Visitor: 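Could you have a look at this structure, given as structure tokens, before my questions?
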Amino acid sequence: QVQLVESGGGLVQAGGSLRLSCAASGRTSTRYAMGWFRPRPGKEREFVAAISWSAGRTYYADSVKGRFTISRDNAKNTAYLQMNSLKPEDTAVYYCASDVFNRAATEGRWYDYWGQGTQVTVSS
């Protein structure tokens with residue numbers, strides 16, 4: 001079992017920045033990929049970004065490319081999502097997820113464990 005806890009959400013004005021963190025605990029000995037997702041109307045969850053264990057592969061949704069950066073510190077078992085130039089449409093609960101097969105997939109169905117989410121609200 002792996003437990004994931006997100007933090008760093010909050011209220012920010014449009015154009016501002018936030019950095020989300022996702023701390024993993026439990027069976028973290030495997031080389032797992034991490035992903036960030038957010039729910040959208042009509043979708044259970046929308047892919048935001050993903051990173052492989054070594055950080056050699058990173059993927060982004062077109063809607064966040066150039067504004068968000070995913071990174072990780074394996075010594076701390078923590079992944080990060082730096083969000084810059086935030087827009088009101090980025091408002092959502094952001095969930096991190098881990099994939100023990102290190103696929104760094106863009107679909108949530110490939111992830112094994114999920115955090116409880118952290119709220120990001122961007123005011124216009």
Side-chain angles (χ1 to χ4, degrees):
Q1 283 278 0
V2 174
Q3 292 78 44
L4 302 173
V5 178
E6 301 96 334
S7 61
L11 173 64
V12 64
Q13 286 189 329
S17 298
L18 282 174
R19 188 175 85 152
L20 306 184
S21 299
C22 175
S25 62
R27 290 188 63 183
T28 57
S29 58
T30 56
R31 296 176 181 268
Y32 53 94
M34 297 290 291
W36 288 93
F37 293 82
R38 61 190 183 188
R40 275 291 179 259
K43 287 185 177 182
E44 182 180 354
R45 52 203 163 201
E46 175 187 65
F47 168 73
V48 176
I51 187 168
S52 62
W53 169 257
S54 67
R57 291 177 287 133
T58 57
Y59 304 100
Y60 297 92
D62 288 342
S63 59
V64 307
K65 206 170 289 183
R67 300 188 298 122
F68 291 11
T69 302
I70 190 170
S71 62
R72 66 189 300 162
D73 183 340
N74 291 336
K76 296 182 179 179
N77 291 320
T78 301
Y80 304 95
L81 185 67
Q82 177 68 43
M83 305 187 295
N84 298 329
S85 302
L86 281 161
K87 305 174 181 180
E89 51 264 43
D90 293 318
T91 294
V93 177
Y94 283 72
Y95 296 91
C96 69
S98 65
D99 167 20
V100 298
F101 292 101
N102 197 31
R103 287 166 287 205
T106 61
E107 294 181 47
R109 63 191 175 104
W110 299 111
Y111 289 80
D112 312 288
Y113 302 101
W114 293 80
Q116 83 293 346
T118 185
Q119 176 70 47
V120 171
T121 303
V122 184
S123 63
S124 56

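A quick note: this is a predicted structure, and the numbers were derived from the prediction, not measured.
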Visitor: How long is the gap from OG1 on T58 to CZ on F68, to the nearest 0.5 Å?
Guide: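 So the gap between those two atoms works out to 14.5 Å.
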Visitor: Which heavy atom in M34 sits nearest to a heavy atom in S98, and how many Å separate them?
Guide: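 Taking every non-hydrogen atom into account, SD-CB, 3.7 Å.
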Visitor: Taking only residues two or more places apart in sequence, or in another chain, which ones meet S71 in a side chain to side chain contact (heavy atoms under 4.5 Å, CB included)?
Guide: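 Side chain to side chain contact (heavy atoms under 4.5 Å, CB included) list for S71, sorted by chain: Y80.
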Visitor: Taking only residues two or more places apart in sequence or in another chain, which ones pass side-chain hydrogen bond (donor to acceptor under 3.5 Å, both in side chains) with R45?
Guide: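 Residues passing side-chain hydrogen bond (donor to acceptor under 3.5 Å, both in side chains) with R45: none at all.
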Visitor: For V12, check side chain to side chain contact (heavy atoms under 4.5 Å, CB included) against everything at least two apart and list the hits.
Guide: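 Once residues adjacent in sequence are excluded, the partners of V12 under the side chain to side chain contact (heavy atoms under 4.5 Å, CB included) criterion are L18, L86, V122.
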Visitor: Got a second to check how far C22's SG is from E6's CD, nearest 0.5 Å?
Guide: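 With rounding to 0.5 Å, SG (C22) is 5.0 Å from CD (E6).
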Visitor: Taking all atoms of both residues into account, what is the closest heavy-atom pair of L4 and Q116, and its distance?
Guide: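 Result for this residue pair: O-OE1, 3.6 Å.
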Visitor: The criterion is side chain to side chain contact (heavy atoms under 4.5 Å, CB included); which residues satisfy it with Q1, sequence neighbours excluded?
Guide: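 Checked Q1 against side chain to side chain contact (heavy atoms under 4.5 Å, CB included); matches are Q3, Y113.
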Visitor: Just to verify, what does A61 make a side chain to side chain contact (heavy atoms under 4.5 Å, CB included) with, not counting sequence neighbours?
Guide: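 Here the qualifying residues are F47, S63, V64.
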Visitor: Please report the interatomic distance SG(C96) to CD1(I51), rounded to the nearest 0.5 Å.
Guide: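 Reported value, rounded in 0.5 Å steps: 12.5 Å.
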Visitor: Can you list the residues that meet the ring-ring contact (aromatic ring centres under 6.0 Å, His included) rule with Y32, with sequence neighbours excluded?
Guide: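 Here the qualifying residues are W53.
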Visitor: Work out which heavy atom in S17 is nearest to a heavy atom in N84; give both atom names and the distance.
Guide: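 Here S17 and N84 meet closest at OG-OD1, 2.9 Å.
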Visitor: Give every residue pair that meets the salt bridge (Lys or Arg N to Asp or Glu O under 4.0 Å) criterion with at least one member in residues 8-37, sequence neighbours excluded.
Guide: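 Every candidate salt bridge (Lys or Arg N to Asp or Glu O under 4.0 Å) pair involving residues 8-37 fails, so no pair, neighbours aside, qualifies.
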Visitor: Please report the interatomic distance CG(L20) to CH2(W36), rounded to the nearest 0.5 Å.
Guide: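 Rounded to the nearest 0.5 Å, the CG-CH2 separation comes to 4.5 Å.
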Visitor: Once ring-ring contact (aromatic ring centres under 6.0 Å, His included) is applied, do any residues pair with Y111, and if so which ones, sequence neighbours excluded?
Guide: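 If we apply the ring-ring contact (aromatic ring centres under 6.0 Å, His included) test to Y111, skipping adjacent residues, the hits are F37.
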Visitor: Minimum heavy-atom separation for A14 and S124, please, with both atom names.
Guide: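 Nearest pair, atom of A14 first, then S124: CB-CA, 4.4 Å.
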Visitor: Just to verify, what does E89 make a side-chain hydrogen bond (donor to acceptor under 3.5 Å, both in side chains) with, not counting sequence neighbours?
Guide: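 Applying side-chain hydrogen bond (donor to acceptor under 3.5 Å, both in side chains) to E89 gives none.
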Visitor: Which residues pass the side-chain hydrogen bond (donor to acceptor under 3.5 Å, both in side chains) test with N102, sequence neighbours left out?
Guide: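 In terms of side-chain hydrogen bond (donor to acceptor under 3.5 Å, both in side chains), with neighbours along the sequence ignored, N102 is linked to no residue.
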Visitor: Inspect the contact between D62 and K65 and indicate whether a charged nitrogen and a carboxylate oxygen are less than 4.0 angstrom apart.
Guide: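 Here K65 pairs with D62 in a salt bridge, since their nearest N and O are under 4.0 Å apart.
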Visitor: Find the distance between CZ (F101) and CG (D112) and round it off to the nearest 0.5 Å.
Guide: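 Rounded to the nearest 0.5 Å, the CZ-CG separation comes out at 6.5 Å.
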Visitor: Kindly compute the distance separating OH (Y95) from CD (E46), expressed to the nearest 0.5 Å.
Guide: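 Atom-to-atom, Y95:OH and E46:CD are 13.5 Å apart.
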Visitor: Quick one: disulfide bond (SG atoms under 2.5 Å apart) pairs with a partner in residues 25-66, sequence neighbours left out?
Guide: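 Qualifying pairs: none.
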Visitor: Just jot down the side-chain hydrogen bond (donor to acceptor under 3.5 Å, both in side chains) partners of T69, sequence neighbours excluded, or say none.
Guide: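 By the side-chain hydrogen bond (donor to acceptor under 3.5 Å, both in side chains) rule, T69 matches no residue at all.
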Visitor: May I ask you to test the M83-R67 pair for a side-chain heavy-atom distance under 4.5 Å?
Guide: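 Not in contact.
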Visitor: Testing the basics here: between R103 and A33, what is the closest heavy-atom pair and its distance to 0.1 Å?
Guide: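 Result for this residue pair: N-CB, 4.0 Å.
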Visitor: Taking the side chain as every heavy atom from C-beta outward, state whether S7 and T118 have any atom pair closer than 4.5 Å.
Guide: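 They are not in contact (no side-chain heavy atoms under 4.5 Å apart), so the answer is no.
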